[in-house]
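All chains are named by letter (A, B, ...) in the order of the sequence lines, taking the proteins before the strands, and each is independently numbered beginning at 1.
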Protein chains: 2
Amino acid sequence: MTFSDDDIVKLCKEHGLRLTGPRKVIMQVLAESEDHPDAVELHRRVTKISPGVALATVYRTLALLEEKGVLERHQFGDGRARFESADQEHHDHLINVETGDVIEFRSDEIERLQEEIARQHGFDIVSHKLEIYVKPRKKRRKKAT
Amino acid sequence: MTFSDDDIVKLCKEHGLRLTGPRKVIMQVLAESEDHPDAVELHRRVTKISPGVALATVYRTLALLEEKGVLERHQFGDGRARFESADQEHHDHLINVETGDVIEFRSDEIERLQEEIARQHGFDIVSHKLEIYVKPRKKRRKKAT
DNA sequence: TTATTTGCAAACAATTTGCTCAGAG
DNA sequence: CTCTGAGCAAATTGTTTGCAAATAA
């Protein structure tokens, strides 16, 4: 995540949230996550540090942080919602369908074209998401499968 | 939808599906739908014509048609999956967040850039989705609203 | 103190599945 | 007649909520 371990106190104060034990751990785990964990995975990591924390608390905290604009919620093909820090430059995602890995990328060109399209239709963009589901390129040459 | 009312027999035969009463109705309703209905909404429309049809059957038929490549499944922000015919030229969606309306658009330029990005990362595109969430542009100038 | 926050269990919404019977081919 | 498909209800999955007890400020 983009916010650091030290930002946690600041983040809570800033948004009028009480700095509770569970929140501290949840945000710490978020801060250390390089991937895009879903609520259940996050809960798994959190309870490794602090076994008492309920899944419901994780959900409530995630919802809260999203609402405050700290996190962004994504819905990649599978059912669950996945989260990442919102305070970074906007980017889109490549999802490797074979491994589930998520790769971030950014294309100013595409961003620009989107603006243009929205404008042409008489709209302003609120948000947008571009997900490219991919699989490793097969080198062809020699025998195929 | 793109496939016509008459294609139904053909579609079933083509894919080795039995042309049953429920399927006939479900596909007919799909054929007549101009929007992107979810399973429950579809079921609502279907039971208006043929009250006995179970929701499970709608789900099974949708899954089947998706698997056969007849339909495309979308996940716009809200939980449920929404469907549209797949046998049309690929396009993306503008979603009006104020009304929920979905507008289709296509940008060859964006399609090309996506290919390029995937290739640069060493992947082939399996599928992709671009959703732009928008709201009507406010004309500033004179009084608004 | 006292308004938030938590844990727990029950509630939910969307979708899937097991099973037995009906009906298409 | 045979095997696919349907209906129904129960099961799953991911997420939310009610409520009494715990706790940050």
Whole angstroms only, please: what is the [atom1]-[atom2] distance between [X] and [N]?
X	N	atom1	atom2	value
A/His43	D/dT13	NE2	P	17 Å
B/Glu67	D/dT4	CD	P	14 Å
A/Arg18	D/dA24	CZ	P	9 Å
A/Asp38	D/dT13	CG	C1'	12 Å
A/Lys24	C/dT5	NZ	P	14 Å
B/Leu55	D/dC8	CG	P	11 Å
A/Phe76	D/dG14	CZ	P	16 Å
A/Lys13	D/dA24	NZ	C1'	12 Å

> Are the side chain of A/Arg82 and the backbone of A/Arg73 linked by a donor-acceptor contact shorter than 3.5 Å?
Replying inline: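 No, the answer is negative, given that no donor and acceptor are paired below the 3.5 Å cut-off.
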
>> Please check: side-chain N/O of B/Asp7 versus main-chain N/O of B/Lys10, any donor-acceptor pairing under 3.5 Å?
In response: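 Between the backbone of B/Lys10 and the side chain of B/Asp7 there is no qualifying donor-acceptor contact (under 3.5 Å).
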
Under 4.0 Å from OP1 or OP2 of [N]: is there any side-chain N or O of [X] that close?
X	N	result
B/Thr57	D/dG7	yes
B/Tyr59	C/dT15	yes
B/Thr20	D/dA6	yes

> Got a donor-acceptor pair under 3.5 Å from the side chain of B/Arg60 to the base of C/dG18?
Replying inline: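 Indeed, a donor on one side and an acceptor on the other fall under 3.5 Å apart.
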
>> Can you tell me whether the side chain of B/Arg80 and the base of C/dA13 have a donor-acceptor pair closer than 3.5 Å?
In response: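 Answer no: no donor N or O sits under 3.5 Å from an acceptor.
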
May I ask you to say what [X] touches in the nucleic acid, namely base, sugar-phosphate or nothing, with a heavy-atom cut-off under 4.0 Å?
X	value
B/Gly52	sugar-phosphate
B/Arg23	sugar-phosphate
A/Ala81	sugar-phosphate
B/Val40	nothing

> Just by distance, with hydrogens left out, do B/His128 and A/Glu131 show a side-chain donor and acceptor under 3.5 Å apart?
Replying inline: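 Per modelled atom types, B/His128 and A/Glu131 side chains form no pair under 3.5 Å.
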
> Which word best sums up how the rings of B/His74 and B/Phe76 line up, parallel for under 30°, tilted for 30 to 60°, or perpendicular for over 60°?
Replying inline: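 The arrangement is parallel - the two ring planes meet at less than 30°.
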
>> Check this for me: does any side-chain nitrogen of one of B/Arg112 and B/Glu109 sit under 4.0 Å from a carboxylate oxygen of the other?
In response: yes

>> The side chain of B/Leu17 is closest to which nucleotide in this list: D/dA6, D/dG5, C/dT6?
In response: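 Looking only at heavy atoms from C-beta outward on B/Leu17, the closest nucleotide is D/dG5.
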
